[in-house]
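The block underneath contains the structure these notes are about, expressed in structure tokens.
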Protein chains: 2
Amino acid sequence: MSTTAPTRSRKAQIDRTATALFRARGFAATSMRELATELGLEAGSLYSHIKSKEEILHRVCFGLAEEFFAGFAAATLDSAAPIATQLRLAIEAHVRVLTRDSAASAVFLQEWRHLSEPARTEFLALRDRYEAAFRGLIQQGIAAGELHAPDAAFAALTLLASLNWLPAWYRPDGKLSPDEIAHRLAEQLLNGMRSYE
Amino acid sequence: MSTTAPTRSRKAQIDRTATALFRARGFAATSMRELATELGLEAGSLYSHIKSKEEILHRVCFGLAEEFFAGFAAATLDSAAPIATQLRLAIEAHVRVLTRDSAASAVFLQEWRHLSEPARTEFLALRDRYEAAFRGLIQQGIAAGELHAPDAAFAALTLLASLNWLPAWYRPDGKLSPDEIAHRLAEQLLNGMRSYE
DNA sequence: CCTACCGATCGGTAGG
DNA sequence: CCTACCGATCGGTAGG
């Protein structure tokens, strides 16, 4: 009660350090001993804070999923706004999540396959729902004549692909700020779907 | 000399099976015993055909790199052709490699980080050169007034990102043929960079 | 291509 | 949070 830091922050610290390692080496190639060393303690000690290696991965993956959904929901709150505006806001929200924690994002995008069942299937269902949300927005935009694309599903897939490549090249100390990146990406991707009629 | 299949095809068979496993589980989480079982032999026997697990990964990654470069070179052979045409051909060539062997492509895109030095650095240099080739083409197109983009580097990055997402969703038995996919992707991505002046 | 095996390392636990 | 340890599994080798 007097000398040690609270457990909560230790757990968060473990998650954060593990996320960075999972990103750099991959989940399977990261050992708990490596993680412990990085945190300045012994491997066995980790287990007073967490239950298993996979529990960390689970928290990172599902935590990020929540952030993505929250961002999308906020971007489309005003359902009376032009679809192009909603889509722009959704793109910017997505990029904001990606840049706010690019290590966790990279783990979310690349390491989810190491989740065991049933978490893996649940995760994929969430990802599908998120893709479907973007697809739905694009479909609405096409129906309203605001957007143009030969195939909404195709457009949604390439749009998310372009965005999700970001953690691979984004550097927090780069010359473009997160907001500038979000703006440019939205500009370029919406430009490709602009309706000229 | 009379009863067994030639070693060359056995080695190719090992590469192919390993590639599928690396893709499904990741390089680090794939064991040589698993690979051996899949091939109907014992783990130790693999080593009469290969030197190490990483040797397989090395072959897959650098083999794919060669294919990508060959495709790009063929697409830009006629340097007098309009840049938009060369870019379209380069996109289609890239997609053709991705769809021809999507397992190897997924390994090329995701598992290269498990290469040890100096192969890892060499690989990244090749990837950079390839990106630079696309960037250069887009820059030429902008300079010639054929293409429009606020930032060539940005455009090259998002273009390759859209293409490289393909192995994640491409199914050989899907309703779109590789050629149709290549055509649509080229259409959509070039549309986003069309010059309207 | 197999049998038999090597040393190293893994995730995780018991007991304090 | 540490010490001491568990059984399992890893990539790879020797010798045939």
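As a basis for the values below, the full set of heavy atoms in this structure was taken, side chains included, without hydrogen atoms, waters or symmetry mates. Naming convention: chains lettered A, B, ... in sequence-line order (proteins, then strands); numbering from 1 in each chain. Just so it is clear, the structure is predicted and the values come from calculations on it, not from any experiment.
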Please state how far atom [atom1] in [X] lies from atom [atom2] in [N], giving the value in whole angstrom units.
{"X": "A:Tyr47", "N": "D:dT3", "atom1": "OH", "atom2": "P", "answer": "17 Å"}
{"X": "B:Glu42", "N": "C:dT3", "atom1": "CD", "atom2": "C1'", "answer": "9 Å"}
{"X": "A:Lys51", "N": "C:dG12", "atom1": "NZ", "atom2": "P", "answer": "12 Å"}
{"X": "B:Leu41", "N": "D:dG12", "atom1": "CG", "atom2": "P", "answer": "16 Å"}
{"X": "B:Ile56", "N": "D:dG12", "atom1": "CD1", "atom2": "C1'", "answer": "13 Å"}
{"X": "B:His114", "N": "D:dG11", "atom1": "NE2", "atom2": "P", "answer": "12 Å"}

(request) Please list, chain by chain and in numerical order, all residues satisfying ring-ring contact (aromatic ring centres under 6.0 Å, His included) with A:Phe69, sequence neighbours excluded. (result) A:Tyr130
(request) Please give the angle, rounded to 10 degrees, between the axes at the start and the end of the helix from C:dC1-D:dG16 to C:dG16-D:dC1, where five pairs define each axis. (result)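 Helix axis angle between the two ends: 0°.
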(message) Please list, in numerical order, the residues of residues 32-39 of chain A that have a heavy atom closer than 4.0 Å to any atom of DNA chain C.
(response) A:Met32, A:Arg33
(message) Could you report the tightest heavy-atom contact between B:Leu57 and B:Phe22, atom names first, then the distance?
(response)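 It is N-CE1, 4.2 Å.
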(request) Could you point out which residue of A:Phe27, A:Phe123, A:Phe108 forms a ring-ring contact (aromatic ring centres under 6.0 Å, His included) with A:His114? (result)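 Testing each of A:Phe27, A:Phe123, A:Phe108 against A:His114, the sole residue satisfying ring-ring contact (aromatic ring centres under 6.0 Å, His included) is A:Phe27.
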From the list [options], which nucleotide is the closest neighbour of the side chain of [X]?
{"X": "A:Ser45", "options": "C:dG11, C:dC2, D:dC1", "result": "D:dC1"}
{"X": "B:Arg10", "options": "C:dC1, D:dC1, C:dT13", "result": "C:dC1"}
{"X": "B:Ser31", "options": "D:dG11, C:dG11, C:dC1", "result": "D:dG11"}
{"X": "B:Lys53", "options": "D:dG11, C:dC1, C:dT3", "result": "D:dG11"}

(message) Check B:Arg59 with B:Glu55, please: is the shortest side-chain N to carboxylate O separation under 4.0 Å?
(response)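 Result for this pair is yes, salt bridge flagged.
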(message) Less than 6.0 angstrom separating the ring centers of B:Phe72 and B:His94, yes or no?
(response)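 Ring centres of B:His94 and B:Phe72 not closer than 6.0 Å.
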(message) Contact between A:Ile14 and A:Lys11 at the side-chain level, heavy atoms closer than 4.5 Å - yes or no?
(response)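 No. Closest side-chain heavy atoms not under 4.5 Å.
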